[in-house]
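Notes for the one structure printed next.
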Amino acid sequence: MHNMAYRLLFGFVLPLVLQSSLVLCNPPELKVGFYQYTCPYAEVIIRDEMTRIISHVPSLAGPLLRMHFHDCFVNGCDASILLDSLPGLPSEKESIPNLSLRGFGTIDLVKAKLEQACPGVVSCADILALVARDVVVLTHGPYWDVPTGRRDGMRSVKDDALNNLPPPFFDATRNLYQFFIPKGLDAKDQVVLLGGHTLGTSHCSSFSDRLYNFSGTLMPDPSLDRQYVPRLKTKCAQGDTGTLVEMDPGSFRTFDASYYRVVAKGRALFTSDETLMLDPFARDYVLRQAAVAAEGAYPAEFFADFAASMVKMGNVQVLTGAHGQVRRRCAAVNQMYI
């Protein structure tokens, strides 16, 4: 009942293909509607708060979606990304790949609302998964049912993030075998999840080597569109670490398939994304979605695939049952164990 109301409140009904594609195996004790009896309005509370926040700060959609990725890729979807550092024990937040993340305050606001309604019930890990779904919906992307029941981890180590997050300067094949496959994600999940780069921006420092000194050549990356390089250089001076650049220019606040047009044109900011074009399977997928975007058609395949891959990623190494805890505050464990 609440799921149908949710879809109608967002102004659309899901295509049958999208709903049926999400019949996936979930870990034990992870299921859609986990809070049906313990906190029946949990998803409504999260949706309402995210609707309010994104209407005021739409630029948070990309970072909040990315936060879920950064959580799940580091020892599983356990909200370890949210923990603050302790004296002498820097957490994942302080790792270089996470320094540009924004939206921690948003998660705190959502958690506070849930604690008022249902104290100690809804985990921070589930909040991250539900918020990621909601920001996609609020930016005109697909809806999917999120299996819930995750519990929160009690460990967050700075170096774990550096060792587990796929770098933007690695090629797609290396990232696939080093970071995706060990987590149970395959080549399709990789090309699909990278489509999430349709939302948000990147700091110049994440790709400036491709403009000024690719592989030590003191030249731009030859795979970058030559006409695009001068435009990027006007935004990113050499050594610039603070300027933000849209990953999907003109559509960076709308979830759609247009990012694949960017990749197909040789205009992706990251080596990890542009080198998708070197793999036959990924290239075919990119070109197919780019053609859909060029026609202005509804991206049914990409939307269904993205929803399925998000559910799959959200199942990585989850804590359930008696494992972990439900934090009262997402930035700190409930109790320190020595």
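With contacts defined as side-chain heavy-atom distances shorter than 4.5 Å, the pair R52/E49 qualifies. Contact of the I54 side chain with the L60 side chain is registered, since non-hydrogen atoms from C-beta on lie closer than 4.5 Å. In this structure the side chain of V262 reaches within 4.5 angstrom of the side chain of P249, judged on heavy atoms. Taking the side chain as every heavy atom from C-beta outward, L269 and H197 never approach each other to under 4.5 Å. In this structure, N98 and L165 have side chains that are in contact, with non-hydrogen atoms separated by less than 4.5 Å. Annotation: side chain of F180 is in contact with side chain of P166 (closest heavy-atom distance under 4.5 Å).
Placement of Y298 and F302 within a single hydrophobic cluster is found when ILVMFWY residues are connected by side-chain heavy-atom separations under 4.5 Å, directly or transitively. Cluster annotation: F281 and M277 are assigned to the same hydrophobic cluster (Ile/Leu/Val/Met/Phe/Trp/Tyr, side-chain heavy-atom contacts under 4.5 Å, transitive).
Separation of atoms CG (L211) and CG (L224) is listed at 6.5 Å; rounding is to 0.5 Å. Taking CG of D284 as the reference point, atom CD of Q289 lies at 11.0 Å (rounded to 0.5 Å). Taken from CZ in F73 to CE in M313, the straight-line distance is 7.0 Å, to the nearest 0.5 Å.
Not less than 6.0 angstrom separates the ring centroid of Y35 from the ring centroid of Y41.
Here D186 pairs with K312 in a salt bridge; the nearest charged N to carboxylate O distance falls below 4.0 Å. Salt bridge K265/D225: absent, no basic N to carboxylate O contact under 4.0 Å. For the pair D160 and R155, the salt-bridge criterion is met [side-chain N within less than 4.0 Å of a carboxylate O]. Ion pairing between R150 and D126 holds under the 4.0 Å rule for side-chain N and carboxylate O.
By the neighbour-count criterion of 12 heavy atoms within 6.0 Å, atom NZ of K113 is sparsely surrounded, having that number or fewer from other residues, nucleotides or ligands. Counting non-hydrogen atoms of neighbouring residues, nucleotides and ligands closer than 6.0 angstrom, the NZ atom of K188 reaches no more than 12 such neighbours. Residue Y177 qualifies as open at atom OH: its count of foreign heavy atoms under 6.0 Å is 12 or below. More than 12 heavy atoms of other residues, nucleotides or ligands sit less than 6.0 Å from atom CG of L278.
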CA sep, side-chain torsions, deciding dist, call: M154, Q325, side chain to side chain contact (heavy atoms under 4.5 Å, CB included): CA-CA 8 Å; M154 295 179 283; Q325 62 180 205; 3.4 Å; yes
T241/H203 under side chain to side chain contact (heavy atoms under 4.5 Å, CB included): CA gap, chis, key distance, verdict: CA-CA 6 Å; T241 60; H203 286 88; over 6 Å; no
D71 and D78: CA distance, side-chain angles, deciding distance, side chain to side chain contact (heavy atoms under 4.5 Å, CB included) verdict: CA-CA 7 Å; D71 182 44; D78 64 351; 3.5 Å; yes
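In this structure a side-chain-to-backbone donor-acceptor pair under 3.5 Å is present from N334 to R328.
For the residue pair R174 and T275, no side-chain donor N or O sits within less than 3.5 Å of a side-chain acceptor on the partner. No side-chain donor from either of S80 and N75 sits under 3.5 Å from a side-chain acceptor of the other. Side-chain atoms of S223 and E274 include no donor-acceptor pair closer than 3.5 Å.
Between L194 and the options V286, N175, D273, a side-chain contact (heavy atoms from CB on, under 4.5 Å) holds for only D273.
Annotation: cation-pi pair K93/F104 present, NZ/CZ under 6.0 Å from the ring centroid and within 45° of its normal.
Closest of all the heavy-atom pairs between R151 and A125 is O-CB, 4.0 Å. Heavy atoms only, all atoms of each residue included: V74 and A161 are closest at CG2-CA, 3.7 Å.
Taking the six-membered ring where tryptophan is involved, the planes of F255 and F303 are tilted, since the angle between them lies from 30° to 60°. Using the six-membered ring where Trp is involved, F170 and F179 have ring planes that are tilted, between 30° and 60° apart.
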